[in-house]
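Heads up: the structure comes next, in structure tokens.
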Amino acid sequence: MKLKLISLAIAIAAASTAHAGEQKEGIHLGVFGDYYDASWENTRGAAVGGVDVDNSSGWGAELGYRFNDYWSARLEYADMDFDLSGAGSGSQDGERYGIDGLYHFDGGPFYGLFGFKSIEAFESNTFANIGAGYRHHFNDHLFVNAETSIYQGLERSYIDVGAKLGINYFFGTAKPAAKVEPAPAPTPAPIAQAKDSDKDGVLDPRDKCADTPIADAVDAYGCTKYVEKDATVKLLVRFPHNNSAVSSDYLSDIEDVVTFLQQHSDASVVLEGHASMVGEAKYNQWLSKKRADKVAKELIQKGIDTQRISTVGYGEERLLNTANTLAAHAENRRVEATIAVTERVKVKRN
């Protein structure tokens with residue numbers, strides 16, 4: 001039953017959502033309906049054999065004063081009518097007198113309370129009470145309240161529960177409602193002007209390649225454009241009859257090959273050695289390989305890694321001129337190579 005009473009009081013409080021402003025300071029006078037759940041066994045001063053005092057329903061009146069937004073106090077009187085059981089039956093009139101202090105949470109409609117009560121029924125008993133409540137203001141003067149409290153007996157160890165539902169009239173001044181100022185109109189944010197820091201024609205928010213050289217043509221994202229281009233270098237070194245020494249006349253051509261290999265680190269070279277058909281074929285095979293090795297030595301001395309160079313001797317197998325003349329023989333004594341790569345070349349801005 002006690003839990004039902006508490007639930008009933010909370011439901012009454014929650015049923016009202018909109019209310020007028022809370023009062024600031026002043027006196028209020030009210031009346032209320034009262035329900036009190038007592039559990040007094042073998043009450044002294046009752047009939048022989050002991051009488052149990054049970055629930056009471058009744059009415060009451062209160063006089064209160066609100067000091068400020070948070071605190072108020074009140075005096076209370078309740079006319080009670082207890083049901084009897086045990087050795088007795090029927091009912092017993094009673095009275096309750098008391099004082100309460102109230103704390104209004106955040107100055108709003110919900111409040112906590114504490115106080116002391118004297119209840120007279122067969123005998124006088126003193127109780128301390130604590131509870132919670134809710135006020136709903138219909139206007140600046142009229143409000144209803146619902147609350148529930150737990151009572152602890154100070155002379156006998158009774159623990160009771162009570163609930164009240166009342167209507168009150170406030171004689172004080174109303175707390176002025178807070179003035180709601182209209183929200184200021186939003187200030188439009190300044191529009192930032194996009195920049196083109198590297199002057200490539202693509203604005204910075206879209207530019208994925210910062211600091212592109214001004215001479216480079218760029219794509220839609222500000223990155224340098226490239227095209228694939230075939231690059232080739234050829235080498236031809238000729239030799240005297242029965243000789244593998246590299247003439248200084250060809251050092252410039254060999255230097256061109258060195259430069260090309262340095263610019264294209266992934267490229268390698270195959271040096272092909274050849275001989276004329278004068279003499280024995282086996283000897284010419286050895287001589288052509290030696291000529292290719294001599295040219296390879298020049299490349300290595302200029303810094304080209306040996307792993308990038310290979311040599312082969314074809315002897316008289318691949319003659320350029322098959323005639324049996326001195327001019328033809330001179331034409332066939334040679335080392336030759338062709339190096340071809342595909343390279344990515346920047347596109348220049350127009």
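Because the structure is a prediction, the values reported are computed rather than measured.
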Between the main-chain N or O of A328 and the side-chain N or O of T325, is there a donor-acceptor pair closer than 3.5 Å? yes
Ring geometry between F82 and Y36 (parallel below 30°, tilted from 30 to 60°, perpendicular above 60°): perpendicular
Please check if any side-chain donor atom of Y314 sits under 3.5 Å from a side-chain acceptor atom of Q285, or the reverse. no
When you measure from the side chain of R291 to the backbone of K294, do you find a donor-acceptor pair of N or O atoms at a distance under 3.5 Å? no
Would you say that more than 12 heavy atoms from the other residues, nucleotides or ligands in this model lie under 6.0 Å from the CZ of F116, or not? no
Can you name the closest pair of heavy atoms from R96 and E76 and give their distance? NE-OE2, 2.8 Å
Counting only N and O atoms by type, is there a donor-acceptor contact under 3.5 Å from the side chain of D198 to the main-chain atoms of T212? yes
Least distance between heavy atoms, F239 atom then S244 atom: CE2-O, 3.4 Å
Looking only at heavy atoms, what is the nearest atom pair of N284 and S276, with distance? ND2-O, 3.0 Å
Within 6.0 Å of CD in Q301, more than 12 heavy atoms from elsewhere: yes
Determine whether a donor-acceptor pair (N or O, by modelled atom type, separation under 3.5 Å) exists between the side chain of S56 and the backbone of D81. yes
Charged N to carboxylate O below 4.0 Å: is that the case for R156 and E123? yes
Separation of N129 CG from Y151 OH (nearest 0.5 Å): 5.0 Å
Minimal non-hydrogen separation, A121 against Q92, with atom names: CB-CG, 4.4 Å
Are I309 and V341 linked, directly or through other ILVMFWY residues, by side chains that come within less than 4.5 angstrom of each other? yes
Is a side-chain N or O of T259 found less than 3.5 angstrom from the main chain of E255, in a donor-acceptor match? yes
NZ/NE/NH1/NH2 to OD/OE distance under 4.0 Å, D293 and K289: yes
Considering only NZ, NE, NH1 and NH2 on the basic side and carboxylate oxygens on the acidic side, decide whether K195 and D204 come within less than 4.0 Å. no
Look up atom CG in L235 and atom CG in L299, then write down how far apart they are to the nearest 0.5 Å. 7.5 Å
If you compare all heavy atoms of T148 against all heavy atoms of G162, which two are closest, and at what distance to 0.1 Å? OG1-O, 3.0 Å
Look at the aromatic rings of F114 and W71 and report parallel, tilted or perpendicular, splitting at 30° and 60°. perpendicular
Transitively linked via ILVMFWY side-chain contacts under 4.5 Å: V237 with L261? yes
Is it the case that the side chains of H329 and N324 hold a donor-acceptor pair, with the cut-off being a distance below 3.5 Å and no angle test? yes
Under a 3.5 Å cutoff, is there a donor and acceptor pairing between the side chains of D230 and T342? yes
Are V246 and V233 joined in one hydrophobic group, where the rule is that I, L, V, M, F, W and Y side chains link up if heavy atoms are under 4.5 Å apart? yes
Can you confirm whether or not the ring centre of F32 sits under 6.0 Å from the ring centre of W59? no
Would you find more than 12 non-hydrogen atoms of other residues, nucleotides or ligands less than 6.0 Å from L326 atom CG? no
Contact summary for V218 and K225, nearest pair of heavy atoms: O-CE, 3.2 Å
So how far is it from N55 CG to D83 CG, rounded to the nearest 0.5 Å? 6.5 Å
Cation-pi, Y65 ring and R74 (6.0 angstrom, 45 degrees): no
Quick check against the 3.5 Å criterion: does S288 have a side-chain atom that pairs as donor or acceptor with the backbone of G315? yes
Are F143 and H137 near enough that their ring centres are under 6.0 Å apart? yes
Using a 3.5 Å distance criterion without hydrogens, assess whether the side chain of D305 forms a donor-acceptor pair with backbone atoms of R308. no
Checking the side chain of D200 only, and the main-chain atoms of V202 only, is there a donor and an acceptor separated by less than 3.5 Å? yes
Distance-only, no hydrogens or angles: does the R334 side chain make a donor-acceptor pair with backbone N or O of L236 under 3.5 Å? no
Check for a donor-acceptor pair, side chain of R238 on one end and backbone N or O of E331 on the other, with a separation under 3.5 Å. yes
Do other residues, nucleotides or ligands put more than 12 heavy atoms under 6.0 Å from K208 NZ? no
